[in-house]
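Taking it in order: structure first as structure tokens, then the write-up.
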Amino acid sequence: MNTPKSLNFPEDLGYTARHVWARKDGDTLVIGITDFAQDQLGEILFVDLPDAGASFGADDEFGTVESLKTVSSLYMPVAGEVVERNGALEGKPTLVNLNCYADGWMLRIRPTETPALMTAADYRSQLEG
């Protein structure tokens with residue numbers, strides 16, 4: 001496992017205390033787990049995500065990630081409706097380990113509220129706590 005200082009937290013993303021990131025893309029948000037989360041989990045074996053059309057409140061559980069170490073719940077960063085899930089993760093869940101901010105994204109949602117997310121600096125400070 002790496003230290004928070006050696007992990008990547010892009011400045012253009014927002015972060016939650018539950019290790020989920022969000023990136024604005026037009027009227028949608030693309031979301032996934034952070035570099036810290038994938039590093040802590042180790043090799044990811046399976047990702048369970050909801051179908052398009054599912055709606056969630058902020059902090060609702062929206063899926064799970066299974067690794068060699070554990071099964072972890074995923075929590076929605078903001079209330080919204082799922083527009084798309086990353087189907088590539090069904091055949092290759094390790095995309096999350098390879099690049100959690102690009103090919104390893106998880107959902108695209110249409111938010112129904114403005115997200116209250118941490119900056120990269122705030123998230124890193126929380127991890128270094």
Side-chain angles (χ1 to χ4, degrees):
M1 281 185 269
N2 294 299
T3 65
K5 288 181 194 252
S6 66
L7 296 170
N8 181 26
F9 306 114
E11 296 293 328
D12 64 330
L13 304 179
Y15 300 88
T16 71
R18 293 187 181 220
H19 314 295
V20 172
W21 59 263
R23 176 179 57 238
K24 187 159 178 46
D25 185 20
D27 67 342
T28 64
L29 291 175
V30 177
I31 63 173
I33 63 169
T34 66
D35 199 20
F36 176 80
Q38 73 76 29
D39 183 65
Q40 294 293 303
L41 288 167
E43 185 179 347
I44 294 175
L45 305 174
F46 182 75
V47 181
D48 182 30
L49 299 171
D51 291 324
S55 292
F56 296 90
D59 293 322
D60 284 356
E61 183 178 326
F62 71 84
T64 56
V65 174
E66 182 178 340
S67 71
L68 290 171
K69 297 178 181 181
T70 189
V71 176
S72 294
S73 295
L74 301 167
Y75 297 93
M76 194 61 72
V78 61
E81 179 183 339
V82 176
V83 175
E84 179 185 8
R85 70 177 176 185
N86 185 351
L89 298 180
E90 292 173 25
K92 193 169 183 187
T94 55
L95 287 172
V96 176
N97 297 114
L98 297 172
N99 192 338
C100 60
Y101 301 118
D103 295 338
W105 64 276
M106 295 185 172
L107 297 178
R108 181 179 302 275
I109 65 168
R110 183 166 292 109
T112 56
E113 63 185 18
T114 303
L117 302 171
M118 289 185 272
T119 65
D122 290 341
Y123 180 67
R124 187 181 301 278
S125 292
Q126 173 196 293
L127 295 175
E128 293 170 353

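Please read all numbers here as calculations on a predicted model, not as lab measurements.
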Within the side chain of D35, is there an N or O that forms a donor-acceptor pair under 3.5 Å with the backbone of F9?
no
How far does OG1 of T94 sit from CZ of F46, to the nearest 0.5 angstrom?
14.0 Å
Is it the case that the side chain of N86 and the backbone of W105 share a donor-acceptor pair, with hydrogens and angles ignored and the cut-off at 3.5 Å?
yes
For residues F62 and I109, determine if any side-chain heavy atom of one lies less than 4.5 Å from a side-chain heavy atom of the other.
no
Using the salt bridge (Lys or Arg N to Asp or Glu O under 4.0 Å) criterion, which residues pair with E90? Sequence neighbours excluded.
R85
Can you see which heavy atom on Q38 is nearest to which on V96, and at what distance?
CG-O, 3.9 Å
Nearest heavy-atom contact between A17 and M118 is N-CE, 3.3 Å
L107 vs P50 side-chain heavy atoms within contact, under 4.5 Å
yes
Heavy-atom closest pair (P10 atom, A120 atom, distance to 0.1 Å) is O-CB, 3.7 Å
So the side chain to side chain donor-acceptor pair (under 3.5 Å) pairs with at least one residue in residues 111-122 (sequence neighbours excluded) are T119-D122
Check ring-ring contact (aromatic ring centres under 6.0 Å, His included) between Y15 and all other residues, then give those that pass, not counting sequence neighbours.
Y123
How close do L45 and P93 get, heavy atom to heavy atom, and via which atoms?
O-CG, 3.1 Å
Show the nearest heavy-atom pair for residues G42 and S67, with the distance to one decimal.
O-CB, 4.3 Å
Output yes when a side-chain donor or acceptor of W21 lies under 3.5 Å from a complementary backbone atom of G14, and no otherwise.
no
Do the non-hydrogen side-chain atoms of D12 and K24 ever get within less than 4.5 Å of each other?
no
Looking only at atom types and distance, does a side-chain atom of D59 sit under 3.5 Å from a main-chain N or O of Y75, one as donor and one as acceptor?
no
Please enumerate all residues that pass salt bridge (Lys or Arg N to Asp or Glu O under 4.0 Å) together with R110, with sequence neighbours excluded.
D27
Side chain proximity check, I33 to H19, heavy atoms < 4.5 angstrom:
no
What I'd like to find out is whether the side chain of T34 reaches to under 4.5 Å of the side chain of Y101, using heavy atoms alone.
yes
What pairs with E84 under salt bridge (Lys or Arg N to Asp or Glu O under 4.0 Å), at least two apart in sequence or on another chain?
R108
Hydrophobic cluster membership, with links at side-chain heavy-atom distances under 4.5 Å among I/L/V/M/F/W/Y: are L13 and L29 in one?
no
With sequence neighbours excluded, what pairs up with E61 under the side chain to side chain donor-acceptor pair (under 3.5 Å) test?
S73
If I take atom OG1 from residue T16 and atom CG from residue L74, how far apart are they, to the nearest 0.5 angstrom?
10.0 Å
What distance separates L89 CG from L95 CG, expressed to the nearest 0.5 Å?
6.0 Å
Looking at every heavy atom in both L117 and P77, which two are closest together, and how far apart are they?
CD2-CB, 4.0 Å
Any donor and acceptor pair, going by atom type alone, linking the side chain of T70 with main-chain N or O of S72 inside 3.5 Å?
no
What's the verdict on side chain to side chain contact (heavy atoms under 4.5 Å, CB included) for K92 and L98, showing C-alpha distance, side-chain angles and the deciding distance?
CA-CA 10 Å; K92 193 169 183 187; L98 297 172; 4.2 Å; yes
Positive for side-chain contact (heavy atoms from CB on, under 4.5 Å) with M106, one of V20, V82, L49, V30
L49
